[in-house]
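What follows is a short report on a single structure.
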Amino acid sequence: MECGNLKVVTSLVLASTLVVLANCAMENQGECMFPAIFNFGDSNSDTGGLSAAFGQAGPPHGETFFHSPAGRYCDGRLVIDFIAQSLGLPYLSAFLDAVGSNFSHGANFATAGSTIRPQNTTLRQSGFSPISLNVQFYEFSDFHRRSQIIRNKGHVFKELLPKGEYFSKALYTFDIGQNDLTAGFFLNMSTDEVKANIPDVLGQFTTVIKDIYDRGGRYFWIHNTGPVGCLPYVMDRVPITAGQVDKVGCASPQNEVAQYFNRKLKEVVVHLRQKLAHATLTYVDVYSVKYDLISHATKYGFEHPLRACCGHGGKYNYNEHIGCGGKITVKGKQILVGKACKDPSVSINWDGVHYTEAANKWIFDRIVDGSYSDPPISLKNACH
Ligand SMILES: *[C@@H]1O[C@H](CO)[C@@H](O)[C@H](O)[C@H]1NC(C)=O
Ligand SMILES: *[C@@H]1O[C@H](CO)[C@@H](O)[C@H](O)[C@H]1NC(C)=O
Ligand SMILES: *[C@@H]1O[C@H](CO)[C@@H](O)[C@H](O)[C@H]1NC(C)=O
């Protein structure tokens, strides 16, 4: 008996009505069984997009888990990988990856360096990806339409592309915005100038959520942005005075901008809940989880929270010009900039910009049950 047939049921005996009502209540609280994930974001959740289009992230990326480069800026898996795994779904193929991809249970539109707003610079000039969130939406929109035309041809396409119904049952995940902030910092904008851009940035974010909703998307899982002021690539590049360093050693002004962005993002999510009557939007406070990890690293079994594991030089084992996987010349010999830390499983920062697999797993374990979510609903129930 479906919940929708209650009117018919009420004309039957009261006892059976109550049984059905009880079943419906349980069903509504049951797990969502998301059949697919569509992800939008930056390097925090890129599983191969930038690598496919602009060259593979080389070794030692991927070595802990995949044992070779796997399109991720990490020694292993990302939070989005743990999300997929815990929902019983395969790791997401990058939409841009033409080789070996399987989109039957979703697609990943994220690329490393992506911003919400399109930048006016090339990847080479600034390091920001041309695949900004609006472009990720164009790709999704095209995928939505064409995947069904191709799937209807049958054969292997039925196994490689999602069913049409999955688009309205899927979980839509977002982790983007960090680079809109760093783009400003790296242009030497004041924190007030960076903050002044945030309404426009979030306006463009809102547009994309609405556009996905118009294509049938209903369940949205939105990560806020992390404490960028604790990342070596920010602390190394942005001039910070002694008074601007917090007790943990992070750059306060940049973290305050991130928190400001997050407050505004939360407001946007509240606004979208009112506008999109059939949507479920979960706001996930990844900032607090990451900051807790960095500020209590030892307590949680990690060490040197502000030092990159893979990199070389400087206070943070990070060099803007020669990063993890790059080559340096020492005494006439070319040497790979590799792992400098003894054990990535007790390191938090992988390459000065991204978290290690161990940190990603730790972060995932904190957010999966809804403790850091608004509303406080677990990942598996994020459709209610
Ligand atoms: C890019 O340039 C356009 C036109 O000048 C401007 O409207 C837009 O705000 C710029 N984008 C960014 C991210 O600065
Ligand atoms: C694609 O992945 C799905 C789910 O893991 C699997 O059932 C299917 O066989 C795969 N298709 C191909 C062609 O490998
Ligand atoms: C930002 O300021 C630093 C230090 O004054 C300078 O070296 C750098 O060129 C500036 N960057 C931009 C994009 O103006």
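Every number for a ligand or one of its atoms is a count from 1 in the order of the listing.
Every residue two or more places apart in sequence or in another chain was checked for a salt bridge (Lys or Arg N to Asp or Glu O under 4.0 Å) with Glu139, and none qualifies.
At a cut-off of 3.5 Å, with distance as the only test, a side-chain donor of Ser129 or Thr111 sits close to an acceptor on the other residue. Defined by atom type and a distance below 3.5 Å, a donor-acceptor pair is missing between the side-chain atoms of Ser43 and Asp46. For the 3.5 Å distance criterion, the side chains of Asn255 and Ser252 fail to qualify, holding no donor opposite an acceptor.
Contacts between Pro118 and ligand 1 below 4.0 angstrom, taking non-hydrogen atoms only, involve the backbone exclusively.
For a heavy-atom separation below 4.0 Å, the residues in contact with ligand 3 are Phe186, Asn188.
Here the shortest heavy-atom pairing between Leu171 and Ala382 reads CD1-CB, 4.4 Å.
Numbered from 1 in the order shown, with element, the atoms of ligand 2 that lie under 4.0 Å from a heavy atom of His105 read 4 (C). Within the listing of ligand 2, atoms 1 (C), 2 (O), 3 (C), 4 (C) sit less than 4.0 angstrom from a heavy atom of Ser104.
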Should Phe38 and Phe167 be marked as a ring pair (Phe, Tyr, Trp, His ring centres under 6.0 Å) after you check the CA-CA gap, both sets of side-chain angles, and the distance that decides it?
CA-CA 9 Å; Phe38 296 104; Phe167 287 94; 4.9 Å; yes

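Between Glu63 and Lys339, at least one side-chain nitrogen of the basic residue sits less than 4.0 Å from a carboxylate oxygen of the acidic one, meeting the salt-bridge criterion.
Not a single N or O atom of Gln119, backbone or side chain, sits closer than 3.5 Å to an N or O atom of ligand 1.
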